[in-house]
Structure formats: C-alpha cells, structure tokens
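Beneath this line is the structure, given in structure tokens, with notes to follow.
Basis for what follows: all heavy atoms, side chains included, without hydrogens, waters or symmetry-related copies. Each chain gets a letter, A, B and so on, in the order the sequences are listed, and its residues count up from 1.
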Amino acid sequence: MSSTPVRYNFRETEAKWRKVWDERQTFRARMDKARPKYYVLEMFPYPSGRIHMGHVRNYTQGDVIARYKRARGFNVLHPMGWDAFGLPAENAALEKKVHPKKWTYENIATMKKQLQSMGLSLDWSRELASCDPSYYRHQQKMFLDFWKAGLAYRKEAWVNWDPVDNTVLANEQVIEGKGWRTGAPVERRKLTQWNLKITHFADELLERLGTLDRWPEKVRLMQANWIGKSQGARVFWQLTDASGADRGKLEIFTTRPDTLYGATFAALSAEHPIVADLAENDLGLQRFVAESRKTGTAAAEIETAEKIGYKLPLLAKHPLVPGKTLPVYAANFVLMEYGTGAIFGCPGHDERDHEFATKYGLPIIPVVMPEGADPASFSVAAEPFVEDGIIINSDFLNGLSVEDAKARVIARLEEMGVGKGTTQYRLRDWLVSRQRYWGSPIPVIHCAKCGIVPVPEKDLPVELPEDVDFDKPGNPLDRHPTWKHVSCPQCGGPAQRETDTLDTFIDSSWYFDRFTSPNLATAPFDREEHDYWMPVDQYIGGVEHAILHLLYSRFWTRAMREVQMTSLDEPFDGLFTQGMVCHETYRAADGSWLLPEEVERTPSDKGGGGNVVRVSDKSPVEVGRSEKMSKSKKNVVDPDQIIHDYGADTARWFMLSDSPPERDLEWTEAGVTGAWRFQQRLFRIASEAIGELPPVGTPKPATFPEAATALRRAAHKAIAGVSADIEAFHFNKAVARLYELASTIDQVKPEDDATRWAKREALEIFVRLAGPMTPHLAEELWQTLGHKSLLADSPWPLAEDALLVDDTVTVAVQLNGKLRGTLQLPKDSPKDEAEKAALALPELARGLDGKAPKRVIVVPNRIVNVVV
RNA sequence: GCGGGCGUGGUGGAAUUGGUAGACACGCGAGAUUUAGGUUCUCGUGCCGCAAGGCGUGGGGGUUCAAGUCCCUCCGCCCGCACCA
C-alpha cells in the first residue's frame, strides 16, 4: 500500500502499554466468589542479582497462562515475590563485605525492575520477601504450633564440618571431600538439630500422588521413589563372640527376606551403636570409623565410594539354619539413616553385596534362579542375579516365586519370634536446623532449668539482629555479644536463644498460601481468602525442584491441616516443569571462557558455518557444545540487553517458539532476530491492512466468496488449535499456527466487502490469540484496529464449529505399506468407495503391474493399503 | 551407586488411538524488488539417483498389512540424590 515502510517502535509502545496496565490496575486480583478463580504461580526467584534467561522463560510461560485464563473469564491470581533468605547472601557478605540484607534488597530492586520490563500480568500489590520479619514471623508461629502438635522434635544428625574455619558446610560447599574455602578435608560431626516429622505423612504423601493427575508423570514417579515405600521384614540375629558367649541381638531390615538362605555375612553401618561400643577398645576399628567419616554427608558420595569393611569380633547366628553363623563387618556402604543401620549380605542377589563378598572372599550362594534354569549349573559367581525367579537352596522355600517366598518366610519368622513383616520408607524426617545467619531464627530458648522453651507468641517475631560481622566464618548469631542472651520466659532465669536458623525450604513451603492475603498481620493468611484462592491451579518451575521443594510444600500443607489452619490436602493442583535455557560455550586459545558477545562468526567464502573468532583480536575461538547457561562458563546472555535491543515481546516470543517448554531451549542470535522480524512483519501486515478494513462492529455479511471462507476457516481453526495448544502447554505449536495464520491473512487481498470483513475478523482473531504471548504488540494492534477497550480486558475469541470441519480429506494410498500416491475423497466416504478410488490410481496400477491385490486395508479418512 | 529423563534433516522442532515422517521456523540456494538505523517478497531445500525408484526418526533385533510411536537389547548425553535454590 504505502511506499513509506511502517516500523514498529517497540521501546515507546511497550512502555506505553505497561503504563496503561499499571495505572488501570488491570492485573490486580480481588476475591470475587461469583467468578471462578484461577491461581497461576511461577516459582518465586532467589534474588541473586539480576534475572537470567531461565527466569524469562519461566515467567513468560506463566504469563501466557495467566493472560489466557483472564481472557477466558477467570478471576486470575498471578503474584510475585522473593525467596530472599539463603547462602549466597552470606557468601556475598564474606567476599564483598556487604550486609546480607542490603545485598538482598538491592538485588530485589534490580530484579523487580527487570521483571517489570517484561510486561508480565502480575499483581505487584501482593509482592512479598521471605526475609521480611512480617513474613517469617508467621512461619515461626507455625513452627511452634507444629512442635506443640508433635510434628517437630530434636535429634542428633551429621553435618559437614570444616576443621579450619570451624564451621558447618553445605553439601555444595564440599568439593571433592574438601572445604571450598579452606581446602581442608571435611569431617562429619554430630549436632542436635530440629526435625519436622514428614515421615508422619509418608503414606499419605505417596497415596495422594495418584490424585495429582495434572502433574508430570515423571515428577510423581520421582517423588514415589523418594518416599520409597517397601515391604520387608525385620529379622533378629543372635550375636556371639568367638567363644560363643552372648553379645546381644542384632536387628536387620531387609526387603528381600526370600534370600535369607543366601546370607553369607552381616554388615553394620560405621555409625551403628554396636560398632561404637566395640571401637572403644579397638584402635583399628576407630581408624575405620574415622576413615568412613571422611566421606561427606551426600548420598552420591557415600554410595560411589569404594566399598570397604572391617571385620568385627562377632558372629551372627542364622535365624533359620541351626548351627550356621555369619561373619559380621562394619561397612561404609551401609547407611545408618535407612532401616536399622544393619544388613545381611546376600551376594548372590545384590550388586553391592556381591562386590563386597568378592573383595573379602566371602561365599556366594545362589538362592534364586531364572525360571527354567538348571539348579545344578546356575551360578552367580561372576555376577548377581537380581531379577524375579524361582527359589533354590532354601529349604522350605524351594520352588516358590520370590513373592510367595517373601510371604512364607515372614510367616515363619513371626512364628518363631525371630522376625516381623514391616513396611519401611526411604523418606527421612526433614532436618530444618541450619547453622547460619541469613535465615529465619528458630523461636526457642534454651534454659538450664526449664529446658527448651518456646518463645511466647507476643514476642514474635524473633528478628535477626542487624549489627553482625562477617569478618570470621561461622554463624554470627552465635558470637553476637548480646542477641542470644535472654531471660527464660518460664522461670525468668538467664537463658540463651537458639542460634540456628530454619532451612530456607521452609520459606518456600507456604509462600503461595501467603499470597492469598499477603498484608495480613495477625495470621499467615485469611481463611476465607485462602479457601477461595487455594489450591494453586497451575504451578510452573524447574524440574530441579521435582522432589524436595514440592514434597516439603505438600508436607507443610498437611502440617497446617493438622493444626486446623486449613482443610486443604494438596497445594498444587497442576504442575508444569520447564526446561533449561542453554547456549554454546566459547573458549579462547588460552583456555579461558568467553561471553557470547565477545565472539563473532565470520562469513565463509561459500555459504556454510564460517569461523568463530574473538571480536577483540580476531583470534580463533573453540566452540563447545550447548550447555545450561551459567556464570562459570560465561555462556550467558543478559535478558536486559535483549529487552533493550529487541523488546520484551521479542524475548517472550522467542522463548515460546520452536522449543517445547518442558525441554531445554537453545538460545541463538538467529532465533532472536527471527522473532524480532516476525514482530515487525505483524505490525506491517496489520498497519497496511487497516485502511481497507470495514469499521469495528460492521455486521457480518450473509455470504462469503470462496477465498473469504477459506480465510475464515483458517482463522477459526487457529482459535481451536491455539486454545488447545495453550491448555496443553504446547506453546511452540501455538506459535507455529500463528505463523501460518499470519501468512494466510497477508496473502488475502480483498476486492469485495465480505472478504474485507473476513480479513478484519481474521486479523482480530490473530491479535487476540497472540495477546498472551506478545502482549504489548497485540495491545497496540488492537487499538490500531479501532478498539477503545483494552485487549487485556477482552474475551478470548470463540470458534464457529461449522468452520472447523472440512468436507474433503486427503487419503494416502499405499502398496505393501509404501506410499504410492494420495486421493482427495469426500469426508467419511464408505470403505468400498475409497478402495475403488485407490485401485483406480495410476501410480498404484503401475506398481501393481497387473497383479491382483491379496488384501486391501482401508482406514476411513486416512489410508488405503493394498497388499499383494 | 540409586532414581528420573532425552536422542527425528545442516539447525530448533512437528507428527490423536500405530496409519502420507519432516508442519512451522532458522540456515542455505536461486530469482525479484531495492532498504540504507536489524530490508521485503517469490520459488526451492531429508539423503542417494538422470530417472524409475531406493534409503531414512541414536545402533542392532522383533511384532504388524503398516512402527518415530509397541517389545527386547546396546550406545550416547542430561538432571536429582535430603545443608545450592
């Protein structure tokens, strides 16, 4: 139309619409019982400094859902807050001499501004930060309530100890068995710490997974495995020393009581009380125990460490075989935290036991063999047989299946009084004490006379003192001159505050509850608001939280139910786990990592890749494979820069196109410019068309020419398709449909009023469908099309059913399963007609070469397969 | 070690219940227009082959008229493992 090119000024336009939404409080959520609610939540960010592309992806996805559900008439709650306590703030304090509070709030300010530049439909009036005493006072109160309800208790637990810094280390701070700052070999120490009784709900947490049908199957599976319910038996073994004198009983838990006859040794955890006892008079054993403690507390470390054992001066009497005794070891691969801290080793049917038995020359007896194997020749000497099979070499169990044998042997053990069938969980109670400053104080007081006393409710919150120093490692609360010294609330005598703080997973276990009434001072939430908004209808976040955060939140919800705060069972009705954002890595000749902006691609002489060189001196750069964006490898792209250069809509559009949201996304410059060009194209299509379109509200013509009907079909099919795609989180497919619709619209050059009407209809549909993804541009185009209302307040378009079905279908014709041609047939043609049409196809006749078909398979509307 | 996942053109990825593999996009090639602050438009583009045709969804095997999809087996990569959040 016009010879002057139309350009979309995204900077001005995006700012304009954000201001309008903000001023009109478009996204403010208010309880309204007359309307159905929809609670969309993305995992709140840790304020690490600046937002990264992972945030952009996460919040874009959530915003698509939030805007879509608003358009569909839901009363949407879409809040944002800050997971503001945590280790990095203390690290910053140590390294940069900034107070954790200052560092955290500065980061929040920066990141809030960044998030706001994305044009997210958030209700910022509900913003919260978990480090704010007005937030954590409620979790202190809840902690005390849980304690009173018997859900919190103290017990000894191991921590990683740095002997140089005299401080407790997080698993993350232990690198190859050494302290991250000191390099000193890490030791394990025992401390008395607070735990929450998550195991009290183990069975319910497992059972209710089955009802979470809007959760990814893999997350439910991971949680089920984590809870790890297993049926097994506790077996009591009589211990003796070499002379046969009674040395007490040993209790062993096993999930494989059916292999009891294959037991050739017993092994105790290095932390088992019996081992501790024996070690008192055994230097070698002391050394062994000390050696075992050098492994950190992480399960992966313990289980990959070389299996070593120490033979104890004990024998265990086999409970079913008179006269048979087993050697007893202390072993580093037996976990004190699981079962009874002791196992019997059946090397024939367990990988770890096999490795151990081979190493220490212990006998290996097969007691299960595959069905149909020959018992005389079946051997497990080379490797254990861990699958289901038939029991052998096991007295009264011979010939039974594994399952039947388990039941029979448990019955026998119970009869004899030497064992008991039990259910065991892998899940351990939640250890919530942290020896750190930047967390919510545990509101208890230690009194020499009264013991552990809760801080009275009127004294809550227990606030963190701000005058702390980070000159030394360790917990500044512990060495604060005055903070911990208080008088006992019960007896008034001198007492001390608990200086441990709560695990930050607690902060994130109820923030979604708090969002329902974030400004209420007297309680964590208003019951009516909570009942209205909860549960979260759609929760979105990284799969790295699949187990811990989500399980702890499910627990916390139940704990609140236990103390009558809610009647809610599950906090998250729907869950979606998004993939990571990745980028190529670049290395200079000297091996140092380079930022993407420090390298460039030189065009090659004839097409194809080209070389990658350093911008500064054109030296060659080694290109590594794409990995998760991380500061350490410098393969990061700053969202701020992208939003400044291309606009928020481009960043959002790129995040949604191409990659399925649950999979990893590869960030590429080409992809961004592609998204940018499409924004420009859309603006041009709409701007150029506007002059020829009928005004808003022009009545629908009675009839349409064929081309107009085709356009209307495309548009209405897009409504159905995009809606279904958004509901199913297939944003990349929704984007592809919008590309198609845009091309279709652009190609229609109307020459009559009905087609002009259809083009306006199609454009309006397009703009409304694109609204959740590229909200600023869509809002601008909505106005360009002549609307006075906000697109953000407009309803989702409705598809006309009649336009969704075609009257002809393309049917594939195959010869022996190989495609020979296609047919256009009326929809739902009878089978014999489809067959007749297929056999008449020249391409088929050529392949058939005069032979008569043996068989013809007809799948209506899909395929005709001729078999000769 | 245990648990979970992923693997389709040069690239990101599409593909109801097994039913035309490669939608859409990037890149690349050819052409047109001509933009000069990131151009735009048309056509082509899985591989081999002049063609007919053949081969193709990480490798190997199987079930089926028909397999990316179901089964077995092997390989590669990624994530979680309780004090990172």
Side-chain angles (χ1 to χ4, degrees), chain A residues 5 7 43 45-46 48 83 85-88 159-160 168-174 216-219 221-222 224-226 228 297-305 307 333 337 351-352 355 426-436 503-505 507-508 542-549 551-552 579-580 582 607-609 625 627-628 645-646 657-660 662-666 668 670-671 673-678 680-681 684 730 732-733 735-740 743 746 810-814 816-822 846-847 854-857 859 861-867:
Chain A
R7 290 188 64 85
M43 291 180 182
Y46 179 78
S48 54
D83 190 10
F85 272 138
L87 209 46
V159 293
N160 297 307
V168 177
L169 299 176
N171 281 339
E172 181 192 53
Q173 297 171 315
V174 180
E217 184 58 36
K218 64 171 175 178
V219 174
L221 240 174
M222 280 194 264
N225 287 328
W226 187 260
T297 59
E301 255 187 289
I302 293 168
E303 286 166 36
T304 48
K307 290 170 188 41
F333 66 96
E337 290 78 24
E351 307 270 1
R352 290 162 303 179
E355 189 185 327
R426 208 185 71 99
L427 183 69
R428 302 199 299 260
D429 277 336
W430 179 9
L431 193 155
V432 296
S433 296
R434 297 290 181 273
Q435 294 70 43
R436 311 197 186 289
D503 181 6
T504 58
F505 270 122
D507 311 341
S508 54
V543 71
E544 65 272 20
H545 296 288
I547 299 174
L548 294 181
H549 161 58
L551 197 59
Y552 290 149
M580 301 179 297
C582 302
R625 65 182 177 77
E627 293 179 64
K628 178 182 180 173
D645 289 350
Y646 297 97
S657 51
D658 291 353
S659 294
E662 71 280 7
R663 237 191 271 180
D664 290 352
L665 173 141
E666 164 87 12
T668 60
T673 52
W676 186 84
R677 276 200 292 267
F678 186 65
Q680 294 291 340
R681 180 164 177 235
R684 186 184 53 76
H730 294 160
N732 54 323
K733 287 161 69 181
V735 166
R737 285 185 207 278
L738 289 174
Y739 275 120
E740 277 181 305
S743 295
D746 196 26
T810 309
V811 172
V813 179
Q814 297 181 333
N816 290 331
K818 280 180 186 162
L819 186 70
R820 282 297 113 108
T822 58
R846 191 163 59 226
K854 252 193 252 163
R855 201 177 149 190
V856 180
I857 292 124
V859 182
N861 299 328
R862 291 207 166 262
I863 207 161
V864 179
N865 188 12
V866 180
V867 184

Roughly, in whole Å, what's the span from [atom1] in [X] to [atom2] in [N]?
{"X": "A:Asp664", "N": "B:C77", "atom1": "CG", "atom2": "C1'", "result": "11 Å"}
{"X": "A:Trp676", "N": "B:G37", "atom1": "CH2", "atom2": "P", "result": "12 Å"}
{"X": "A:Leu87", "N": "B:C84", "atom1": "CG", "atom2": "P", "result": "8 Å"}
{"X": "A:Asn160", "N": "B:C84", "atom1": "CG", "atom2": "C1'", "result": "13 Å"}
{"X": "A:Asn732", "N": "B:G12", "atom1": "CG", "atom2": "P", "result": "14 Å"}
{"X": "A:Phe333", "N": "B:G1", "atom1": "CZ", "atom2": "C1'", "result": "11 Å"}

Which base sits across from B:C2 as a Watson-Crick or G-U pair, both distances under 3.5 Å?
->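 Pairing partner: B:G80.
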Both distances under 3.5 Å, Watson-Crick or G-U wobble: report the partner of B:C26, or none.
->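 Across any shown strand, B:C26 pairs with B:G10.
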Does B:G4 sit syn or anti, given that only angles within 90° of 0 count as syn?
-> anti
Select base, sugar-phosphate, or nothing to describe what [X] touches, counting heavy atoms under 4.0 Å on all strands.
{"X": "A:Ser433", "answer": "base"}
{"X": "A:Arg352", "answer": "nothing"}
{"X": "A:Ala546", "answer": "nothing"}
{"X": "A:Glu666", "answer": "nothing"}
{"X": "A:Arg426", "answer": "base"}
{"X": "A:Thr504", "answer": "sugar-phosphate"}
{"X": "A:Lys854", "answer": "nothing"}
{"X": "A:Thr810", "answer": "base"}

Is a donor-acceptor contact shorter than 3.5 angstrom present between the side chain of A:Glu544 and the base of B:C84?
->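 No, no donor-acceptor pair under 3.5 Å.
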Donor-acceptor pair (no angle test) under 3.5 Å: A:Asn171 side chain, B:C83 base =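 No.
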Hey, is CZ on A:Arg352 packed in by over 12 heavy atoms from elsewhere, all under 6.0 Å?
->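 It does not: A:Arg352 CZ has 12 such atoms or fewer within range.
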Kindly point out which of B:A82, B:C65, B:A85 is positioned nearest to the side chain of A:Tyr552?
-> B:A82
